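Each remark here refers to the structure printed beneath this line.
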Amino acid sequence: MQIKSFIKWSLVLFVILLLLFFNYRYLNIKPIEIREWILSFGILAPLFYIIVYTLRPLILFPASILSLAGGLAFGAVWGTILTVIGATGSAAVAFWVSRKLGKNVAKKEWKGKGEKVQEQLEINGFIYVIIVRLIPIFNFDMISYLSGISRVKFIQFILGTALGIIPGTFAYNFLGSSLVEPRLETILLAVGLFLVISTFPLLFNQK
């Protein structure tokens, strides 16, 4: 059983490294290029953007790049709305992929501190998810995949994700929208807002 588990997780690690290399080598696309590509779909552009964002974690494409592209393509408000929908969908995809692949880990009987952590995640999953979503130092997909192998309930995970990503999503989209018609004061305001929203949750990091 241990050999099978070792082979399984070795393959998972290999696929992750392969996807990261593929993104770095072949999908090093700028937000402005993604914007032009998305808008080429006309009235279907918003739907296409949501679908692409939802499927994004399957190839580990950076969420931040697509969020900036959303702001460039749809503006700060609509970009934020569409990105929150797409990002929540992508989190759900990553969660279920992880839960299916790591079902043995999720069902494992933990001992000591591990058991306490899993119990807290099962009871107060919504609070924990929304907190880590608010703190920008945690990778978006990492949170989704790790949540899938924990005891966090799916509904708590989705609600915590949808609410927790709103401030950061708006910051990314506002920053992206400010680059459509570059004006120094708008860019400075966007950068300032982005830094404030991104760093404010760090004040509660210890808590």
Side-chain angles (χ1 to χ4, degrees), residues 15-16 18-101 129-130 133-134 136 138-145 147-148 154-183 186-187 189-191 193-194 197-198:
V15 171
I16 291 174
L18 186 63
L19 288 173
L20 290 174
F21 172 77
F22 179 76
N23 275 288
Y24 175 78
R25 183 68 176 82
Y26 299 103
L27 291 182
N28 190 15
I29 309 173
K30 298 178 181 179
I32 190 66
E33 296 172 335
I34 299 176
R35 170 186 181 269
E36 294 173 355
W37 180 49
I38 291 172
L39 292 180
S40 68
F41 288 86
I43 60 173
L44 295 178
L47 177 61
F48 182 76
Y49 176 72
I50 291 174
I51 292 174
V52 169
Y53 212 120
T54 299
L55 299 178
R56 176 202 57 76
L58 298 178
I59 61 171
L60 298 180
F61 188 81
S64 57
I65 301 297
L66 268 186
S67 296
L68 286 172
L72 279 166
F74 306 108
V77 177
W78 279 107
T80 298
I81 293 172
L82 295 173
T83 300
V84 168
I85 295 172
T88 303
S90 73
V93 169
F95 181 93
W96 282 113
V97 168
S98 178
R99 179 142 295 187
K100 292 298 181 181
L101 291 176
V129 171
I130 199 171
R133 288 301 191 194
L134 285 169
F138 297 118
N139 179 272
F140 186 88
D141 291 331
M142 180 188 72
I143 295 172
S144 301
Y145 283 116
S147 295
F154 179 69
I155 186 64
Q156 294 179 333
F157 169 75
I158 285 298
L159 291 177
T161 293
L163 293 176
I165 64 176
I166 291 175
T169 299
F170 177 76
Y172 270 107
N173 280 269
F174 185 62
L175 181 60
S177 66
S178 70
L179 301 177
V180 177
E181 296 180 0
R183 294 176 57 187
T186 305
I187 293 177
L189 176 62
V191 171
L193 179 64
F194 176 80
I197 292 179
S198 297

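Model, not experiment: these values are computed from the prediction.
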Test item: Tyr145 and Pro57 side chains (from C-beta on) under 4.5 Å apart, heavy atoms: yes
Could I get the full list of side chain to side chain donor-acceptor pair (under 3.5 Å) partners for Ser147, not counting sequence neighbours? none
Quick one: which residue pairs count as a salt bridge (Lys or Arg N to Asp or Glu O under 4.0 Å) with a foot in residues 57-81, not counting sequence neighbours? none
Who are the side-chain contact (heavy atoms from CB on, under 4.5 Å) partners of Ile85, not counting sequence neighbours? Ile50, Ile81
Exercise answer: donor-acceptor pairs, residues 70-79 side-chain atoms, under 3.5 Å, sequence neighbours excluded:
none

For residues 56-67, which residue pairs qualify under salt bridge (Lys or Arg N to Asp or Glu O under 4.0 Å), counting only residues two or more places apart or in two chains? Arg56-Asp141
Which pairs pass side chain to side chain donor-acceptor pair (under 3.5 Å) with one or both residues in residues 38-54, sequence neighbours excluded? Tyr49-Thr83, Tyr53-Ser67
Contacts under 3.5 angstrom, residues 160-167 side chains, donor-acceptor by atom type, not counting sequence neighbours:
unit_1 : atom_1 : unit_2 : atom_2 : d
Thr161 : OG1    : Arg133 : NE     : 3.2
Thr161 : OG1    : Arg133 : NH2    : 3.4
Thr161 : OG1    : Phe157 : O      : 2.8

In Å, rounded to the nearest 0.5 Å, how long is the span from CG of Leu66 to CG of Asn173? 10.5 Å
Could you tell me how the ring of Phe48 sits relative to the ring of Phe41: parallel (under 30°), tilted (30 to 60°) or perpendicular (over 60°)? parallel
Name all pairs fulfilling the salt bridge (Lys or Arg N to Asp or Glu O under 4.0 Å) condition that reach into residues 70-86, sequence neighbours left out, sorted by first residue then second. none
Find the distance between CD1 (Ile34) and CZ (Phe61) and round it off to the nearest 0.5 Å. 4.0 Å
For residues 160-171, which residue pairs qualify under salt bridge (Lys or Arg N to Asp or Glu O under 4.0 Å), counting only residues two or more places apart or in two chains? none
